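The model shown is predicted, which means the values in this text are computed figures rather than measured ones.
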Amino acid sequence: MIQQVLTILVTVLGGLGIFLLGMKHLSEGLQAAAGEGLRRFMSKATGHRIVGVGTGIVSTIIVQSSSIITVMLVGFVSTAIMTLPQAFAVLIGANIGTTATVWIMAYAPDPQLLGFVGIATGSIMYFFCRGEKIHHLGLTIIGLGLVFLGMFFMKEGVTPIKENPAIATYFQSMSAENYFGIIKVALVAMVLTAVIQSSAATIMIAMTMANQGLISYEVAIACLFGANIGTTATGWLAAIGASADAKRTALSHTLSNIIGSVVLIWFFPLFTKIHCLIPSVMGAIAITDTVFAVCRGIIFFPIVRPFAKFIEKIIKQPENEKPHLSALKLSSRVSPVLACDQSLIEIDFMKKSNLELLECIRRVLNGNGTEADERHVAHREEILDNVQKEITEFLGSIMSKRLAQNVSDRARRLLRFSDDLESVSDECAAIIRVVKRLRSKNETMSEKSVALLLDIHDRLVGFAADITPLIRSPRPRVDLHHYRGLSRDLHEYIRECRLVQLGRVGREDPGSSVRVLGELDILNSYERMRSYYLNMVETLAGGKGQ
């Protein structure tokens, strides 16, 4: 008895593990193959509800996972690529699109044969063929093969239960004849789905057991209610510690699925009639799942905007809230393309901060600055240090995954941008420290020196202002020869100024050497900032360091 139970558990859990591993590889392969194109496709979802729903259906069918789409939407709303009403419309479509997986499971002719064929074909493409796209397609087919093989082993693991009356009686005692029984079964399915983060796996287990006669069709349908609520847990994992908009997206998904299930549970007897029209239990469950998703969509489709406003009232927007990258670290399902988008928001913050710091530096040098300006430079430099660390850790964790070449290159560019931009802020803080040092020694720069430094400062700011907008562009056209020429001119000008300053040492009053050396330190900071901005241009052009 104990040995039989262990055999059943090991086989079913092993099959579930193969199924989940297959879903992971399937999703990763599809994301790698269609990642950036999928991001562009989803981000173009307009305010029209029909377009949003259609986008959700197509996107979920492409990646075979509503959980991944939910995580992407959390990021899109958090980074202002989408509004909450747009994301909610896409979620309605995602709930419908995810039922395609159930249809595949219901009508797969021979899961074992399909599994071995998929693994064999995908392995040949992945290990023996050249080309990045072929590798991604091979990984996708391997994942699909593992999904079918997992289905087969779960089916094989469930089959012996019928031969054991004690175990079979326990499962057959599960009832969905009344609302209490329906809710009890739905809660079990909800918890299981939240733990394994795959509604498809929960539904697959229910379908297999119903097909073997271990549970009734009604119990399997009750599992659908719970699985559709449990799958929303993934969105919350992505929203923990994120912006209010991210939490709103997760809440809208959870609340809409709960409300939809509560409303439709009163029509449970009608859903059970579908089995009368479709003899196949697995086919009937697949159709019921789709009808269930469509009905939930019909409930919320007319009230997308009012529902979004209701969610916004529940979760208030804090003042001056800025997106946090760390929220996405909590989910293993984050799309690498979305990770780059989220990091770009932080890069944008860094480049704008540096231009702001340079404005403060100018005010300090020309004598119009205040202690508040100096404190602001020091404080913002510390913030940018933390932002760079956050970006490096975040993209580092993403780059440990299997990435498409273009996504990997983009992540490396962003890492370099963050390093150069943080270095610029360090030099701004260094200039402030020089000014404070001269002040402490009662040294005052001459009007000629100040005018010279301001001239160099303005040239550097102009150089930086031309470069930084290019960082935001996905495919900037960079005239590298032009920018290298500007950089060379600025370099030569700073070099000449340094020689002039060095020539002043010992030729003026005794205290001038301290002042001249301070001015040289400032010139050296401008020279290093010039090189950092040139590095960014070369990175954009695919030159140095690529």
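- Distance check, rounded to the nearest 0.5 Å: CD1 of Ile432 to CD1 of Ile361 gives 3.5 Å.
- Partners of Lys352 by side chain to side chain donor-acceptor pair (under 3.5 Å), not counting sequence neighbours, listed by chain and number: Asp348.
- In terms of heavy-atom proximity, His376 sits nearest to Cys360 at CD2-SG, 3.8 Å.
- With sequence neighbours left out, Glu359 forms a side-chain contact (heavy atoms from CB on, under 4.5 Å) with Arg363.
- For the pair Arg439 and Val435, the minimum side-chain heavy-atom distance is below 4.5 Å.
- Annotation for Leu523 and Ile494: closest pair O-CG2, 3.8 Å, computed over non-hydrogen atoms.
- Nearest approach of Gly297 to Ile92, heavy atoms of both residues: CA-CG2, 3.5 Å.
- Contact of the Arg416 side chain with the Met536 side chain is not registered, since no non-hydrogen atoms from C-beta on lie closer than 4.5 Å.
- Side chain of Thr232 to main chain of Ile229: a donor-acceptor pair is present (N/O by atom type, distance under 3.5 Å, no hydrogens or angles).
- Counting only N and O atoms by type, the side chains of Arg380 and Ser425 include no donor and acceptor under 3.5 Å apart.
- Here salt bridge (charged side-chain N to carboxylate O under 4.0 Å, His left out) pairs that include residues 429-438, with residues two or more places apart or in two chains, are Arg437-Asp521.
- Side-chain atoms of His379 do not come within 3.5 Å of backbone N or O of Glu374 as any donor-acceptor pair.
- With sequence neighbours excluded, the residues that form a side chain to side chain donor-acceptor pair (under 3.5 Å) with Glu427 are Ser525, Arg528.
- Using a 4.5 Å heavy-atom threshold, the side chains of Ser353 and Phe349 count as touching.
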Show me, pair by pair, the donor-acceptor contacts under 3.5 angstrom made by side chains of residues 364-371, not counting sequence neighbours?
residue : atom : partner : partner atom : Å
Asn366  : OD1  : Asn368  : N            : 2.9
Asn366  : OD1  : Asn368  : ND2          : 3.3
Thr370  : OG1  : Ala372  : N            : 3.3
Thr370  : OG1  : Asp373  : N            : 3.3

Where do Asp419 and Gln388 land on the side-chain contact (heavy atoms from CB on, under 4.5 Å) test, with the steps shown first?
CA-CA 7 Å; Asp419 182 57; Gln388 189 219 0; 3.3 Å; yes
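- Side-chain contact between Cys428 and Met529 is present, with heavy atoms from C-beta onward closer than 4.5 Å.
- Glu422 is linked by a salt bridge (Lys or Arg N to Asp or Glu O under 4.0 Å) to nothing, counting only residues two or more places apart in sequence or in another chain.
- Residues that satisfy the side-chain contact (heavy atoms from CB on, under 4.5 Å) test with Asp479, not counting sequence neighbours, are His481, His482.
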Show, in sequence, the C-alpha distance, side-chain angles and deciding distance for Val424 and Asp420, and conclude whether the side-chain contact (heavy atoms from CB on, under 4.5 Å) test is met.
CA-CA 6 Å; Val424 169; Asp420 287 329; 5.7 Å; no
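- Side-chain contact between Ser418 and Ile347: present, with at least one pair of heavy atoms (C-beta onward) separated by less than 4.5 Å.
- Within a 6.0 Å radius of CD in Glu447, other residues, nucleotides and ligands contribute 12 heavy atoms or fewer.
- Residues that satisfy the side-chain contact (heavy atoms from CB on, under 4.5 Å) test with Ile142, not counting sequence neighbours, are Ser123, Tyr126, Leu146.
- For Arg296, the salt bridge (Lys or Arg N to Asp or Glu O under 4.0 Å) test picks out no residue, with sequence neighbours left out.
- Leu534 approaches Ser487 most closely through the heavy-atom pair CD2-OG, 3.5 Å.
- Of all the heavy atoms in Ile57 and Gly93, the pair that sits closest is CG1-O, 3.3 Å.
- A salt bridge is defined here as a Lys NZ or Arg NE, NH1 or NH2 lying under 4.0 Å from an Asp or Glu carboxylate O, and Glu527 with Arg530 meets this definition.
- For the residue pair Asn524 / Arg498, a side-chain donor-acceptor distance below 3.5 Å is found, with atom types taken as modelled.
- Side-chain contact of Asn257 with Asn95: a donor-acceptor pair under 3.5 Å is present, judged by distance alone.
- Side chains of Leu384 and Asn354 form a contact here, defined as non-hydrogen atoms less than 4.5 Å apart.
- With sequence neighbours excluded, the residues satisfying side-chain contact (heavy atoms from CB on, under 4.5 Å) with Ile259 are Leu255, Val263, Phe300, Phe307.
- In this structure Thr99 satisfies the side chain to side chain donor-acceptor pair (under 3.5 Å) test together with Thr290, sequence neighbours excluded.
- When side chains are defined from C-beta on, Ile311 does not count as touching Phe88, because their heavy atoms never get closer than 4.5 Å.
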Distance-only donor-acceptor pairs under 3.5 Å for side chains of residues 455-467, two or more places apart:
residue : atom : partner : partner atom : Å
Asp455  : OD2  : Tyr493  : OH           : 2.6
His457  : ND1  : Tyr526  : OH           : 2.7
His457  : NE2  : Leu358  : O            : 3.0
Asp458  : OD1  : Arg362  : NE           : 2.8
Asp458  : OD2  : Arg362  : NH2          : 2.9

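- Closest heavy-atom contact between Ser343 and Ile391: O-CD1, 4.3 Å.
- Counting only N and O atoms by type, the side chains of Arg248 and Ser252 include no donor and acceptor under 3.5 Å apart.
- Side chain of Ser449 to main chain of Met445: no donor-acceptor pair is present (N/O by atom type, distance under 3.5 Å, no hydrogens or angles).
- The backbone N or O of Ala94 lies less than 3.5 Å from no partner atom in the side chain of Thr98, so there is not a single donor-acceptor pair.
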List the steps and the verdict of side-chain contact (heavy atoms from CB on, under 4.5 Å) for Arg413 and Ile471.
CA-CA 10 Å; Arg413 285 197 300 271; Ile471 296 175; over 6 Å; no
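- Between Met125 and Leu137, the closest side-chain pair of non-hydrogen atoms falls below 4.5 Å.
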